[in-house]
There are 2 protein chains.
Amino acid sequence: MRTVGASQPEETARAEEPGRPAEHGRAGGAAGVKTARGTRARGTRQAQALAVALDDLPGFCSAQEIHAALRSKGETVGLATVYRHLQALTEAGSIDTIRDVSGETLYRQCGTSVHHHHLTCRNCGRSVEVEGRAVEQWAEKVAAEAGFTDVGHTFELFGVCPQCAG
Amino acid sequence: MRTVGASQPEETARAEEPGRPAEHGRAGGAAGVKTARGTRARGTRQAQALAVALDDLPGFCSAQEIHAALRSKGETVGLATVYRHLQALTEAGSIDTIRDVSGETLYRQCGTSVHHHHLTCRNCGRSVEVEGRAVEQWAEKVAAEAGFTDVGHTFELFGVCPQCAG
DNA sequence: CCAAGATTGAGAATCATTATCATTACCAGT
DNA sequence: ACTGGTAATGATAATGATTCTCAATCTTGG
């Protein structure tokens, strides 16, 4: 498993507070930015918590890590819900996803919505966004030459960042 | 599941000799190109069959597909063995691997041992090897600028090939 | 022919991600 | 406030690819 900068107390107390009634469903006072159908971006307590968590995490991290981070902060969010929101956010273009070497999907909040790629530290997950106009163009050219259509690409850079190297 | 261009006759007519006792272990007369330890490239019946299968398949395909192809040809090779050889061959550099969109690993026999990338048809799996000197250099430059070291990259192009498009 | 070591393969074990589905919270009417 | 409708949640089961386990089997050297 990769390790991320954020602390991940492994012995997270599994037993919830005894008296606490099982919380469920949407949060109490959340404003609720309702989108058309199915996915409201951050109306619920869980969505809000996830957004905050993504803000805090420095680089790319897996859904499981995010879930663990939420847990360790005291938030109670189901793993399934984490995946759901992550997926929705990805589709909405609010966050970036990459695949690490083992095939795990890593997520990260992303500023720009324009297409770009990442140079990610394989140790701490921190990443730099790189704008790859050159690569895009090259890819299109190559594809066109081969007669391929409807071309997409995946491109990721992994390395060790200055901090982790030093 | 993806579909591969090559036909995969499900009920291949080739019923081997009826009396065939359950074969196990290494093949009878195989020459046996023994490598240092653990992995002999193609000494066994299973390894041989796998090599042939890889030769036949036109493009990238998953371990499971290769396993299925072997099955349908009448070869009896365990899935675990397929994975084992695929992994060994990959480490040896004899075959290429890429990750498709769903995270599955796809394998393909590869001619050159020099570093290159692929433009793969997401419909039939056929692929073209593209030499990406430009990309390599660009990647290195970007990485260096960001101060990252020990940089590697993944780069894949997916599209629809002329045949599948027409 | 025998012992030692390599290889195989069926099935169990992992592990990330999805699907289920009963429960719950929010919203708009009434 | 009460209520019905609907979206969201989360515990858990299911999926699916890949790896691990280990007894059975094969090959080879002597």
Side-chain angles (χ1 to χ4, degrees), chain A residues 1-2 14 16 20-50 61-68 70-71 75-90 97-107, chain B residues 1-2 21-50 61-68 70-71 75-88 90-91 97 99-107:
Chain A
M1 190 210 282
R2 269 172 2 88
R14 189 121 199 50
E16 320 282 337
R20 171 113 141 279
E23 250 179 284
H24 253 307
R26 297 213 207 127
V33 183
K34 162 171 15 178
T35 46
R37 178 162 280 273
T39 318
R40 63 188 56 186
R42 55 177 55 199
T44 70
R45 168 179 62 79
Q46 291 86 341
Q48 185 67 52
L50 183 64
C61 38
S62 70
Q64 314 265 351
E65 285 168 343
I66 294 172
H67 179 240
L70 284 169
R71 275 277 158 109
E75 297 285 355
T76 317
V77 181
L79 181 57
T81 302
V82 171
Y83 273 107
R84 252 188 305 250
H85 277 111
L86 249 21
Q87 193 166 357
L89 288 170
T90 299
T97 68
I98 58 177
R99 279 265 173 58
D100 78 354
V101 191
S102 75
E104 237 178 330
T105 303
L106 309 181
Y107 306 83
Chain B
M1 194 209 283
R2 269 172 0 89
E23 260 179 275
H24 248 308
R26 297 211 209 128
V33 183
K34 161 171 17 177
T35 46
R37 179 160 279 273
T39 319
R40 62 188 55 187
R42 55 177 54 200
T44 69
R45 169 179 62 80
Q46 291 86 340
Q48 185 66 53
L50 183 63
C61 38
S62 70
Q64 315 263 353
E65 284 168 344
I66 294 172
H67 179 239
L70 285 170
R71 275 279 159 104
E75 298 285 355
T76 317
V77 181
L79 181 57
T81 302
V82 170
Y83 273 107
R84 253 189 304 251
H85 278 111
L86 248 21
Q87 192 166 356
T90 300
E91 278 166 18
T97 69
R99 279 264 172 62
D100 78 354
V101 192
S102 75
E104 237 179 328
T105 303
L106 308 181
Y107 306 83

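In this text, all values refer to a predicted model and were calculated from it rather than measured experimentally. A note on names: the letters A, B, ... follow the listed sequences, proteins ahead of strands, and every chain is numbered from 1.
- Here A/Q46 does not reach the OP1 or OP2 of D/dA8: none of its side-chain N or O atoms lies under 4.0 Å away.
- Across the protein-nucleic acid pair, A/L86 atom CG and C/dA16 atom P stand 14 Å apart, rounded to whole Å.
- Here D/dC26 presents its C1' atom at 17 Å from CD of B/Q48, a figure rounded to the nearest Å.
- Residues A/H85 and A/L50 approach most closely at CB-CD2, 3.2 Å, considering heavy atoms.
- Nearest heavy atoms, A/T81 versus A/Q46: CG2-CB, 4.2 Å.
- Here B/T81 does not reach the OP1 or OP2 of C/dT8: none of its side-chain N or O atoms lies under 4.0 Å away.
- Distances shown here put a side-chain N or O of A/H85 below 4.0 Å from the OP1 or OP2 atom of D/dT9.
- The shortest side-chain heavy-atom distance between B/S62 and B/L106 falls under the 4.5 Å cut-off.
- Spacing between atom CD of B/E91 and atom P of D/dT19 amounts to 10 Å, rounded to whole angstrom units.
- In this structure, B/R45 contributes its side chain and B/T76 its backbone to a donor-acceptor pair below 3.5 Å.
- Pairing each heavy atom of B/R99 with each of A/D100, the nearest pair is NH1-O, 4.1 Å.
- Checked against side-chain contact (heavy atoms from CB on, under 4.5 Å), A/L79 has the following partners two or more places apart in sequence or in another chain: A/Q64, A/H67, A/Y83.
- Phosphate proximity of C/dT8 to B/T44: present, with a side-chain N or O under 4.0 Å from OP1 or OP2.
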Between the protein and nucleotides 17-20 of chain C, are there any N/O to N/O pairs under 3.5 Å, and if so, what are the atom names and distances?
residue	atom	partner	partner atom	Å
C/dT17	OP1	A/T105	N	2.8
C/dT17	OP1	A/T105	OG1	3.2
C/dT17	OP2	A/Y83	OH	2.6
C/dT17	O5'	A/Y83	OH	3.4

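- OP1 and OP2 of D/dT25 both lie 4.0 Å or more from every side-chain N or O belonging to B/R45.
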